[in-house]
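Contents: one structure, followed by commentary.
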Amino acid sequence: MANRKMLTLAVNDTVRNVDVATNETLLETLRRVGAVEVKCGCEKGDCGACAVLLDGMAVDSCLTLTHTVGARAITTIKGLGNAEAPHPIQTAFAERGAAQCGYCTPGMIIATQSMLNNDTDTPDEADIRQALSGNLCRCTGYTKIYDAVLESAKVMRDTAAAGEMESVK
Amino acid sequence: MNKLDSAATGEHNVNFRQIGKARTRTDSPGKVFGKTPYAGDYVMPDMLHARVLRAKVPSARMTRLDVSKARALPGVAAVLTFKDLKIGTVATDIPGQTGFKRRATDQQILVDELVRYQGEPIAIVAAETVEIAQHALSLIEVDLEPVPGVYNVFDAQKPDAPKVFGTDNLVASYKVRKGDVEVGFAAADVIVENTFTTQYIEHAFLEPEVGLGWEDEQGVINIRSSTQAVETFRYIADAMGLPHSKVRIRGALVGGGFGGKCDVTVELYIALLTKATGRPVRLGYSREDSFYGHGKRHPFIINHKTGFTRDGKITASKIDITSESGPYAFMSPYVLMYATEAGPGPYLVDHVHIDSRSIATNNMYTSAFRGFGATQACIAYEQQMDEAAKVLGIDRIELRRRNLLKTGDAIATGFKVQSAVWTEECMDRAMAALGEKPKDKGAIRYGHGLAAYQQGYGRMIWLHDTAEGWVGVEMDGTVLVRSGMTDIGAGQTSSLAQIAGELLGIDMMDITVYNSDSSTTPLAGTSSASRGLYMSGNAVRLAAEAVRDRLAARAAKHFGSTADDVDFANAQVFLKSDPRQTMPFKELVAVCASEGIHRAELAIFRAPFGDWIDPETGQGQVHPDYTYGAHAVQVAVDTETGEVTILKSIGAHDIGQAVNMAAVEGQIEGGVAQGHGYALSEELIYKDGYLVTPSLSEYLCPTSMDSPRIECIVLESRSGLGPFGAKGIGEPGHTPAAPAVANAVADAIGTRVFDFPLTPEKIANAVRKARKAG
Ligand code: FES
Ligand code: FES
């Protein structure tokens, strides 16, 4: 029997106390506590469906042991936005038809956010292909995903620029 | 281009308000906000977790099976083996609504005596946790004594081969005899003969098979699962000796199917364990389970012998087709039928002779995969056309142009195509979009390739296909659609909302669709065979039209007009002749409600019904109709490493009429990416029946790094049998992509690899060999 630990996890701004086995993966923990928007496609790091942000950086939750997360903020797509306050990436994925079966979508959106957070906010198609290379999609052929990512990056840049203008004024 | 005078063009060729536009799908918001529950997201109080024990060897006799230790493990609720089953077999036939099944298509549910493929289920376990269930599997004692198996279709056809299926390993065979092929060959100036082979392919839907079952207060076994076919309830009931009314399958939005979730997967195990324990049972496959646990795409060997006149007219086509079925029939006979019918491709050939067979082996069993055998046929006939063009010294596109079928021409089975055949237009548009071929640079060679196709949509007509659909209006004017159709990610439910919305003048986003419940939504058949929109779209259209007609009659009374003059748009009812005369839809509905006017309709749509084709000649009608188009590809090949980069990929298809243009493009783009993988990287490798690629790091689906932007050219002839003249597009987008890649690679390197997939090793070897010979 694996050892157990009591941990405090910050999932989408909600702090939870969870009792986890030391060999439990973050994917298992998240789904166990109800964050089933995080999907499981392989449990081996091959598909990216389970990606979440840890302090803004995408990781495969199936390859992350929960007890190693520490105080880092865990964000799933539910933490990015919702119908009332959609995140631009979510809006673009919906409007561009980038989600077909939608099973890869949580991971794709998280990987997109991670690229825009950490790598570049002016991605071209080559950047996008690189940034999403760990996320398999079997339905879309990726074309509409590229469109959605390009569009959301632009929307986010425009919003940021407008915000700066606002603060200058 | 063909002149059209199909009935579908006149009646519905109006200015649509929603149909045909690229709209956000009704299922999109739930998916991007993480709110859509998939089948694996459901849990129930007191739920058990199931696991499946699979045979580790492909061909063996089970001499001992002892589950006593597993049963004794604390936390184990049930361990079932073949001894615990009332009925040992389940039908593997099309899980449809035909009410009959073919002979010899049953499969043992759990291994009784013989193991016939690696991964065949031996026992199923339900326990308090997944870990306990897994532990229980390790406590089951099984002795498997190897028996000689057969692992390729050549050996399997030898008289002394081990018998896997029947007395001769022959699962199905067909013939087509059109004209007189000897006369055709005698008239030929040139005869071209080649053999093409294709590999085992995995669906690799992102969501592995999963389901949750429970018994309800009426004693009905309910199963919520990830499936393309809620009609499997009949098979499960039959396999358990229950009345059909006592099994209910409720789907969820499905995380991809591509044909791999048409057969029964987890559902039967869940049902058996639910019945045995009286508790809810969840069974979710791991990715590895998924590799071992569902039927694959058939490998094919296809030989083409084609006669041509010097100026490129086909005089005769002799085709020999062999597919590998694995040890059980599943859909292999139907898949073979598709491949046979599609044999000569979208070309007019007067003299056709086809022999085809599906052969059993102890490799993994095979079943439905997007394209259903017509894909493999296309890989062969389109490579053959390019090879013939080379021999004849005629341009590849021109050679095709000289032979293309037109509306009214007879295909291989003698059936005369009634809808538009815009293959030529599609070819020309796709090639034009490719542009100029770049100049070769050192070891990098550029190539262009094209493939045209013909793909049937809808079920084979002797299956007497029907679909039901229900449309109703609530008292407050909101609209509901009920359809048994499963939604496997192509936007199936959204398209039904769009169709009902178009006809009732309500925005699709305001329409609620209930789908894929075998007990409470009208049965509509599988989401497969490019039949979802064709069949259910028509059923919902008929239902919506009936409701609309009754509402229009009441509105006419209100306006003092005729019902023909009443139109519906933007949640308003108005007169076409005088659009200032309006009434809110809601108000009209309230009036109808108070007067007891029926605001709902259950409609049935029947596809054309027919008989089997003639077994001796293969002549007759197979499909209701066909989709036509072409795909063009530009590649760069590194002739030293054999590495292929796809630079441009363009699908041009006549889809009749788009319902949601974004969804149409999505079907084409996704199908194309699967075609890229089919041609270049994907292969389930079986060594003497053992799978050596059981993970997504060994089985290589295209990633974003492999995938260029895919371009779609969508033509609308409005000549199809679907709603508003639509044709099927779920499979057709995929069909020509792989052979187009193969033709582009051959164009780049000046020689051909006849054996799929075109791996870097095979390409580099072919280049070396050609250089030596040249
Ligand atoms: S489930 Fe984590 S990468 Fe596939
Ligand atoms: S939308 Fe189905 S896997 Fe990406």
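Order of the sequence lines fixes the chain letters, A, B, ..., with proteins taken first and strands second; residue numbering starts at 1 for each chain.
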Top residue by heavy-atom pair count (under 4.5 Å) with chain A, among [options]?
{"options": "B:Ser704, B:Ala673, B:Ser649", "result": "B:Ser704"}
{"options": "B:Gly256, B:Ala22, B:Pro708, B:Cys712", "result": "B:Pro708"}
{"options": "B:Ser28, B:Ala662, B:Ser697", "result": "B:Ser697"}
{"options": "B:Leu206, B:Ile710, B:Asp706", "result": "B:Leu206"}
{"options": "B:Glu131, B:Glu711, B:His203, B:His676", "result": "B:His203"}

Region of [X] that comes under 4.5 Å of a non-hydrogen atom in chain B:
{"X": "A:Tyr142", "value": "side chain"}
{"X": "A:Lys78", "value": "both"}
{"X": "A:Arg31", "value": "side chain"}
{"X": "A:Ser133", "value": "both"}
{"X": "A:Asp147", "value": "both"}

Identify which part of B:Tyr285 has an atom lying under 4.5 Å from any heavy atom of chain A, answering side chain, backbone, both or neither.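 Contact with chain A: none, neither part.
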
Engaged part of B:Val672 at the chain A interface, taking heavy atoms whose separation is under 4.5 Å: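 Contact with chain A is absent: no heavy atom of B:Val672 under 4.5 Å.
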
Any Lys/Arg nitrogen of [X] or [Y] sitting under 4.0 Å from an Asp/Glu carboxylate oxygen of the other?
{"X": "A:Asp19", "Y": "A:Arg4", "answer": "yes"}
{"X": "A:Lys144", "Y": "B:Glu665", "answer": "yes"}
{"X": "A:Glu24", "Y": "A:Arg32", "answer": "yes"}
{"X": "B:Arg287", "Y": "B:Glu209", "answer": "no"}

Can you tell if the side chain of B:Arg370 reaches within under 4.5 Å of the side chain of B:Gln667, non-hydrogen atoms only?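 Of all side-chain heavy-atom pairs linking B:Gln667 with B:Arg370, at least one is under 4.5 Å.
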
Side-chain heavy-atom pair A:Glu125, B:Arg709 within 4.5 angstrom cut-off: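 A:Glu125 vs B:Arg709: side chains touch.
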
Which one, [options], leads in non-hydrogen pairs under 4.5 Å with chain B?
{"options": "A:Gly141, A:Cys47, A:Cys101, A:Cys40", "answer": "A:Cys101"}
{"options": "A:Ala126, A:Gly97, A:Cys42", "answer": "A:Cys42"}
{"options": "A:Arg129, A:Lys44, A:Gln130, A:Met108", "answer": "A:Arg129"}

Ring centroid separation B:His294 to B:Phe205 under 6.0 Å: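 They qualify: ring centres under 6.0 Å apart.
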
Specify the closest pair of heavy atoms between A:Tyr146 and A:Ile128, including all atoms of both residues, with the distance to one decimal.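 It is CD2-CG2, 3.8 Å.
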
Would B:Arg224 and B:Tyr42 count as a cation-pi pair here, with the cationic atom under 6.0 angstrom from the ring centre and within 45° of the axis?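 Judged by the rule, B:Arg224 and B:Tyr42 form a cation-pi pair.
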
